[in-house]
There are 4 protein chains.
Amino acid sequence: MPFVHRLRVRFHECDPQGVVFNAHYFSYFDVALTELWRAAFGSYANVVQDGTDVVVVEAGATFRAPARFDDEIDVELAITRLGTTSMTTATAVRRDGELLVEGRIAHVFVDAVTLAKKEIPERVRAGLEPYATA
Amino acid sequence: MPFVHRLRVRFHECDPQGVVFNAHYFSYFDVALTELWRAAFGSYANVVQDGTDVVVVEAGATFRAPARFDDEIDVELAITRLGTTSMTTATAVRRDGELLVEGRIAHVFVDAVTLAKKEIPERVRAGLEPYATA
Amino acid sequence: MPFVHRLRVRFHECDPQGVVFNAHYFSYFDVALTELWRAAFGSYANVVQDGTDVVVVEAGATFRAPARFDDEIDVELAITRLGTTSMTTATAVRRDGELLVEGRIAHVFVDAVTLAKKEIPERVRAGLEPYATA
Amino acid sequence: MPFVHRLRVRFHECDPQGVVFNAHYFSYFDVALTELWRAAFGSYANVVQDGTDVVVVEAGATFRAPARFDDEIDVELAITRLGTTSMTTATAVRRDGELLVEGRIAHVFVDAVTLAKKEIPERVRAGLEPYATA
């Protein structure tokens, strides 16, 4: 089941070509993930309690068509892999259904102090499962 | 004696009007101040050692002419007031000498843990004095 | 009558001190103004039709308390001066009513091509008047 | 022959985890590419003259270790494919030689007005060839 977060493109996120600068889509992925955390756990703070944190280890995107200032866009997230210590999320950005950007982002769960890899806590896994595909 | 830091305008700092978005000038002030810290102390890390930190309490700017992508601009800083717990810095952004933006930024020194106001440490004051006007 | 736009602080807008970096508040002012344009005119595109555009000539803020990641904040705008070619807007950022930041931003209306100052078009003035104080 | 651009991590590019936020690395790639344009052509303006422009169609990165505020990092670029209408660039970010981030970015050359794909102009190809691998 994909999670969808709608947001509005901000003026300063667009560059002199008049379109959203490529790097900002990775911020949009993060903003949408924050909302997925909220839907699943109440907040990111609840994800990272008990000394757990989460870091991005990989990110990528294919840009098919540009979003522009004041566009309302839907950022879709689907967890395509929920591993022992990591998760991979497929992302899509649409405007009125039209696919603009497809991406993927991989996170690893770590100990908040040592940053060593750590198993996804059971309560976190349970909260994420509804957003996992297959 | 003003401190000058030269930097190059980045593409993504410019908006669909083709000019640097107003908020980014405040980032430029911060980037230049980081270089002033380096000139005065070796690094920001040296400023904030011993449990001292510094926070921005006021910032303002007047925009006279726009900077554009790939422009080299000079960010000038002059400490106009070095108080007991705070400092005020006048900023100017120039391109080939032409004044583009004039600003000001006020910082307060605080305890890094409690964030309570704190006297500027003597070693910090000594390092900043060469950049203070009058 | 102040205009209020609520937004959520994004993770990447916060710095290593754990608080919103000062420059981003100026982006928030712009985001809220875009929503005021929408309420008054349907969109910014409608403001700047007929060869009119608007540029920021002054901006400032006083930072009283920090906003943090995931905070919901209200950005309030009140047009304090609606001149012949320019407007000044008072801004306030609150969290649960608590005043975090107070600011001001001055815009000038210009010819979209020459960027020369231009009288505020009558339809624009009419749309803005409900948000003007006094 | 890889092209290398050194830059300094800015405070506001770091997030509450104290490290560079992932999206900013894609901006760093763009900043370095601007410098490659400069080395090859004098400026980006010279690349996109004659009605040519360039757009990003794909970007990705693997994050191995974090960069932090005030770090000096080297952004390396090597053009791994110089096609008829597109180019692919491998990127690496290092600090004191240590590999922090590996990435790739694909650009397509387009007509600046219609945005239709367009052959890389001969003068552009000639300028880029010294930075192409194999």
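Proteins come first, then strands; the chains are lettered A, B, ... in the order of their sequence lines, and each starts at number 1.
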Sort [X] into side chain, backbone, both or neither according to what part of it lies under 4.5 angstrom from a heavy atom of chain B.
X	answer
D:Phe26	neither
D:Leu7	side chain
D:Tyr44	both

SB check B:Arg10 D:Glu13 (cutoff 4.0 Å):
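Salt bridge between B:Arg10 and D:Glu13, a charged N being under 4.0 Å from a carboxylate O: yes.
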In terms of heavy-atom pairs under 4.5 Å with chain B, which of D:Asp70, D:Val31, D:Asp30 leads?
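Option with the top pair count is D:Asp70.
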Yes or no on side chain to side chain contact (heavy atoms under 4.5 Å, CB included) for D:His12 and B:His24, after CA distance, side-chain angles and deciding distance?
CA-CA 11 Å; D:His12 66 89; B:His24 293 309; 5.9 Å; no
